[in-house]
Amino acid sequence: MASQGKKLINDPNAVVTEFIEGLVETYPGLQYLDGFPEVKVVLRADYASAMLDKVAVISGGGSGHEPAHAGFVGEGMLSAAICGEVFTSPQVDAILSGIRAVTGPMGCLLIVTNYTGDRLNFGLAAEQAKSEGYKVETVIVGDDCALPPLRGIVGRRGLAGTILVNKIAGAAAATGLSLDEVAAEAKRASEMVGTMGVALSVCTLPGQVTSDRLGPGKMELGLGIHGEPGAAVADLQPVEVVVSHVLQQILSPDRNYVPITPGNRVVLLVNGLGATPAMELMIVAGKAVPQLQLEHGLAVDRVYTGSFMTSLDMAGFSISIMKADEAILQRLDASTKAPHWPVGVDGNRPPAKIPVPLPLSHSGKSDESLSRPQQLSEQGHLLEVAIEAAVNAIIDLRDNLNEWDGRVGDGDCGSTMYRGATAILEDMKKHYPLNDAAETVGEIGSSIRRVMGGTSGIIYTIFCKAACAKLKANTQSVVTSKQWAEALEASIAAVSKYSGASAGFRTLLDALIPASAVLQERLNAGDDPCIAFLLSSEAAVAGAESTRHMQAQAGRSAYISPDILATVPDPGAMAAASWYRAAALAIKNKYQVHE
């Protein structure tokens with residue numbers, strides 16, 4: 001069912017002019033012509049000096065594709081951008097005003113995307129400018145590879161490959177080349193690039209309802225950037241599969257969209273369509289590069305990833321591939337002050353990864369001593385049983401932890417703890433020196449540090465390393481119950497020191513502090529260590545449950561209202577109580593079996 005789209009706007013009819021006002025306030029190198037609302041032209045603030053001895057490069061079209069084209073105005077790229085209303089070609093008078101504003105004796109080049117309205121309006125403006133004495137050339141960009149090459153008089157649509165053409169033309173103009181030379185470079189670049197897009201959603205125009213044309217679990221291949229239907233609708237696939245299809249379409253030797261063959265050098269542009277997170281765009285780029293190299297035999301010289309030519313709030317991406325040589329790379333690498341051209345991508349590509357540096361010196365323990373013993377001592381058996389029970393309790397609790405954390409945090413507590421638990425299980429099979437309690441606890445910390453991110457990972461690493469240091473102070477081969485209790489106390493103190501948390505802060509310490517107190521109390525009273533451990537685990541569970549009534553003073557929960565916090569216990573405290581309780585029960589059961 002269609003619904004009204006949510007937009008951070010005022011008047012739907014004023015979005016373009018208000019966008020331009022915000023743009024020039026943000027970037028002091030840009031200005032706009034005082035002709036609103038009919039004339040919406042963004043130009044270089046230094047146009048007066050630039051127009052004396054350089055060819056002006058102008059592009060534009062309907063708005064809604066930001067940052068294209070206004071975001072690419074600047075020294076070394078566009079001299080001006082002509083902005084139409086959303087998805088509507090700019091009027092002839094606006095285009096003509098832009099030409100007059102930035103064109104000097106060297107003339108100007110119009111770079112136009114291949115849509116009927118743009119061709120007609122820019123074409124008429126060019127003819128009018130010529131009649132006024134301006135030297136004007138036009139290059140049409142049609143880089144769409146989703147539709148069959150022959151579409152009557154319409155031809156292929158202009159897409160994100162236009163941005164690469166703009167950059168090449170702007171860099172050529174900056175060197176002082178003549179209009180014919182700049183136009184020739186732009187035309188050659190336009191013939192070397194192909195683009196195809198994939199959409200996961202339909203865009204919403206300001207003031208209009210959101211279309212439900214594209215249903216859940218579907219994606220649209222070869223869409224237009226104005227919300228028009230694509231070449232086909234298909235089931236959503238893993239991005240690696242989608243990227244493979246897009247690359248095969250662009251590089252199809254049967255359709256011959258671009259003159260690219262195995263052995264060629266290419267430039268890759270991964271473009272977000274407006275609502276695609278940077279993370280997903282980088283995943284697309286990461287999958288596209290090896291496929292271009294291994295499956296298509298191409299050398300990828302440059303990769304540009306980001307949002308260049310969007311379609312309002314559409315989710316999806318497009319891929320542009322341009323055949324490259326040293327001349328094209330030189331133009332793309334040339335400096336520019338256009339605010340939305342990406343920085344840091346020029347130059348030759350070093351290896352993508354290098355080895356992780358090793359510590360300058362290793363600990364005194366040999367590799368052999370830091371591996372699983374062939375035969376476990378009684379202490380080693382107990383340690384193995386306790387660790388296995390503790391991590392399995394966390395694995396079983398993953399979904400509950402995520403659910404609780406989803407209400408009071410970012411919803412990943414269970415998944416984070418699960419990664420640590422599974423790593424501990426795997427590492428214990430091969431690497432833990434279980435007969436050495438101190439080293440085993442230290443290795444648990446290493447496993448956690450390797451796979452657990454966020455605050456939980458570092459807290460548990462500190463917890464384990466502090467316990468390890470305390471246990472190492474013991475010169476005896478067997479760790480006593482009181483020494484275990486002291487190690488727990490040392491761990492709690494270390495976590496409190498570095499996190500700033502203490503009892504009542506609604507953290508894992510609200511489970512561990514009462515557990516430690518009861519453990520010490522019962523051991524000092526002469527209780528059986530197994531019973532003392534079990535009683536302390538009950539205190540841990542009670543402490544974790546009591547966090548429902550606490551106002552958080554640490555972590556993301558500190559930003560949540562008390563009413564919401566009261567609905568669930570602290571996930572970190574529940575996780576700590578869970579593994580602590582499971583370990584105590586496992587030790588109790590182990591002793592009962594022996595009895």
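- Annotation: ring-ring contact (aromatic ring centres under 6.0 Å, His included) contacts of Tyr418 (sequence neighbours excluded): none.
- Note on residues 271-281: pairs passing side chain to side chain donor-acceptor pair (under 3.5 Å), not counting sequence neighbours, are Asn271-Ser318.
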Show me the donor-acceptor pairs within less than 3.5 Å that the side chains of residues 522-534 make with the rest of the protein, sequence neighbours left out.
| from | atom 1 | to | atom 2 | distance (Å) |
| --- | --- | --- | --- | --- |
| Arg522 | NE | Asp527 | OD2 | 2.6 |
| Arg522 | NH2 | Asp527 | OD1 | 3.3 |
| Arg522 | NH2 | Asp527 | OD2 | 2.9 |
| Asn524 | ND2 | Gln520 | O | 3.1 |
| Asp528 | OD2 | Cys530 | N | 2.9 |
| Asp528 | OD2 | Ile531 | N | 3.3 |

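- Residues forming a side chain to side chain donor-acceptor pair (under 3.5 Å) with Ser536 (at least two apart in sequence, or on another chain): Tyr580.
- With sequence neighbours left out, Tyr27 forms a ring-ring contact (aromatic ring centres under 6.0 Å, His included) with His340.
- Applying the side chain to side chain contact (heavy atoms under 4.5 Å, CB included) criterion to Asn392, with sequence neighbours excluded, gives Glu388, Ile395, Leu425.
- For Lys218, the side chain to side chain donor-acceptor pair (under 3.5 Å) criterion is met by Asp235, not counting sequence neighbours.
- No side-chain N or O of Arg449 forms a donor-acceptor pair with one of Thr461 less than 3.5 Å apart.
- Residue pairs satisfying the ring pair (Phe, Tyr, Trp, His ring centres under 6.0 Å) criterion with at least one member in residues 435-457, sequence neighbours excluded, are absent.
- Between the side chains of Thr480 and Gln483, at least one donor-acceptor pair of N or O atoms lies under 3.5 Å.
- Qualifying ring-ring contact (aromatic ring centres under 6.0 Å, His included) partners for His296, counting only residues two or more places apart in sequence or in other chains: none.
- Qualifying side chain to side chain donor-acceptor pair (under 3.5 Å) partners for Ser446, counting only residues two or more places apart in sequence or in other chains: Lys465.
- Remark: Asp301 pairs with Arg265 by the side chain to side chain donor-acceptor pair (under 3.5 Å) rule, at least two apart or across chains.
- A 4.5 Å side-chain heavy-atom check between Glu403 and Val568 finds every atom pair outside the cut-off.
- With sequence neighbours excluded, no residue satisfies ring-ring contact (aromatic ring centres under 6.0 Å, His included) with Phe317.
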